[in-house]
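For reference, the structure discussed in these notes is given below.
Proteins come first, then strands; the chains are lettered A, B, ... in the order of their sequence lines, and each starts at number 1. Only a predicted model underlies this, so the values are computations on that prediction, with no experimental measurement involved.
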Number of protein chains: 2
Amino acid sequence: MTATEQDPGTRLPGAQCDVCSLHGVCLTQDLSADALERLDSMLDQPSPLKRGESLITQGNAFTSLYLVRSGSLKQVVRPLGQELEHVVGFYLPGETVGLEGIGESHCPASVVAMETTFVCELPYARLSELYCNNPSLSESLLHRMSRELRGEKRQLCLMSGRTAEQRLAGFLLGLSERFQQRGCSRYRFRLAMSRGDIGSHLGLALETVSRVLGRFQRQGVIQIATRELTILSLEGLRAILEEH
Amino acid sequence: MTATEQDPGTRLPGAQCDVCSLHGVCLTQDLSADALERLDSMLDQPSPLKRGESLITQGNAFTSLYLVRSGSLKQVVRPLGQELEHVVGFYLPGETVGLEGIGESHCPASVVAMETTFVCELPYARLSELYCNNPSLSESLLHRMSRELRGEKRQLCLMSGRTAEQRLAGFLLGLSERFQQRGCSRYRFRLAMSRGDIGSHLGLALETVSRVLGRFQRQGVIQIATRELTILSLEGLRAILEEH
DNA sequence: CGGATTTTTGATGATTTTCAATATGAGTGG
DNA sequence: CCACTCATATTGAAAATCATCAAAAATCCG
């Protein structure tokens, strides 16, 4: 069903989670039938974002969580009194966007589409009414947040005391795993983010990212044509990650 | 060995949150009177941890959250197939320990006391029963996790594309703010963590930490005698953080 | 097809790590 | 309470990784 982008009024009644292919990896995955039905009915489906458009803008009022349907986004923070932006995370289909705004009046980070992206919108006010009666929903949310927390700790490890090669290897392995969980190939996928985005995320200069990817290719562990990546040796990447 | 198993006999009936000086910064802060009473009654008070003892051991079963009463702890991750440990966080009184284990069977990280430390133990099984009837409790938990998430993103920014001086400045400013929130001086406090811990947390060699702290002292923004820190110029630290 | 963005590649330099030695501090037992 | 020992912290010199600057090549998009 192609939503008419000019007309935000035409939206389906709910998101029809039960027939959504992402149901198994989405926030909705472990909900009771009752909770799922209620959650579904409160999901909005805004028109798709184009590359570069913001889903969330840092400093704006926090109102909603978002579930990624297709496409991908990056989360970006501009620290106080700083010119430069830092990429602090990427979101793939099935992932929950906006958790770091819960309990805050304003969004602490921006979230920007890296390609054409569809999301479901989940107004937080409705949600918090709902989980009064649905412990399974608040548990699901807690689990999501806990998982994101683990992801951040993992990222911190990756950036602490590791070489550029180890960081890139860890990054690619992480992406590979996430794609696999979503039913995509873990060996072959498109990087929606630029070298600059990757560098910012890993604490490296974009030139370093480019050079290390080139080195990986020459070593035969990956093949990469601009943003089309093929992992030739998962083991090779793991070895690099665990080097020394 | 976990001190929580040592002396289960001597425990008060509940933690008496209502008279606890940390009530205003603890998980308990925004609970309804009813929820607070119930939560209080399910808190255990294990015997204190001595410096170096583990509250949580990576890989062990996840069973409880902990609320820090006094002292401080560090969270440590040993990535798969790696010798080296990474410090991914520090916990001060009033903070909630163990959130990243929610929804997991095993703890993804260890948490170790950096000095003599008292905690309240909150068995997660009891907790999850409770928040079926107490939405205010699940909201409090969500807010805590969201806050920790924001802290991690902040940490990622600090480690991405910043000099050693900026990282240290940001680290000290963050600590200062947290001490102030706990009613301590924001200008004068004791660093419970070693130079090595700080370095691991910031992605720096311990020698670099030592050198930069020395530089800060010579510049007159701090005064530091081993672990006794005095911030002479908050503005100076902020200027360093935002440099360039 | 053409302009703009992104990526690659090279040369240089600076920050930070590493190695090593010393100094200081904390904890322990006599 | 002091001496002793282990852990932690400081400081120096050398090496290495990575950032920066600069320019060319490739890719994307309308």
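Spacing between atom CD of B/E243 and atom P of C/dT15 amounts to 11 Å, rounded to whole angstrom units. Distance, B/R195 CZ to C/dG25 P: 11 Å, rounded to whole Å. The separation between A/M193 atom CE and C/dT7 atom C1' is 16 Å, rounded to whole Å. In this structure, A/M159 atom CE and C/dT16 atom C1' are separated by 15 Å, rounded to whole Å. For the pair B/E228 CD and D/dT8 C1', the interatomic distance rounds to 16 Å; values are reported in whole Å. For the pair A/R167 CZ and D/dA19 C1', the interatomic distance rounds to 12 Å; values are reported in whole Å. Spacing between atom CG of B/L202 and atom P of C/dT15 amounts to 18 Å, rounded to whole angstrom units. In this structure, the CG atom of B/L191 is 13 Å from the P atom of C/dA26, given to the nearest Å.
When all heavy atoms are compared, the tightest approach of B/M159 to A/L156 is SD-CD2, 3.8 Å. Scanning all heavy atoms of the two residues, the minimum distance from A/L49 to A/S54 falls at CD2-O, 3.6 Å.
Qualifying ring-ring contact (aromatic ring centres under 6.0 Å, His included) partners for A/Y66, counting only residues two or more places apart in sequence or in other chains: none. Residues passing the salt bridge (charged side-chain N to carboxylate O under 4.0 Å, His left out) test with B/R150 are A/E104, sequence neighbours excluded. Evaluation of the side chain to side chain contact (heavy atoms under 4.5 Å, CB included) rule for B/Q219 yields B/E165, B/R215, B/F216, B/I240 as partners, not counting sequence neighbours.
If you check residues 213-221 of chain A against DNA chain C, you find no residue with a heavy atom closer than 4.0 Å. For the contact set between residues 204-212 of chain B and DNA chain C, defined by any heavy atom under 4.0 Å, the members are B/L204, B/A205, B/E207, B/T208, B/R211.
Separating the NZ atom in A/K74 from the CG atom in A/D197 is a distance of 3.5 Å, to the nearest 0.5 Å.
Counted within 6.0 Å of CZ on B/R227, heavy atoms from surrounding residues, nucleotides or ligands total more than 12; the atom is thus considered enclosed.
Of the possible polar contacts, one joining the B/Q155 side chain to the B/H201 backbone as a donor-acceptor pair under 3.5 Å is found. Between the A/T117 side chain and the A/E115 main chain, a donor and an acceptor come within less than 3.5 Å of each other.
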So which protein N/O to nucleotides 23-29 of chain D N/O distances come out below 3.5 Å?
none

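Note on A/K153 versus B/E148: salt bridge recorded, some NZ/NE/NH1/NH2 to OD/OE distance being below 4.0 Å. With respect to A/R178 and A/E95, a salt bridge is recorded, a charged nitrogen being found less than 4.0 Å from a carboxylate O.
Using a 4.0 Å heavy-atom criterion, one finds that B/G203 contacts the sugar-phosphate atoms exclusively.
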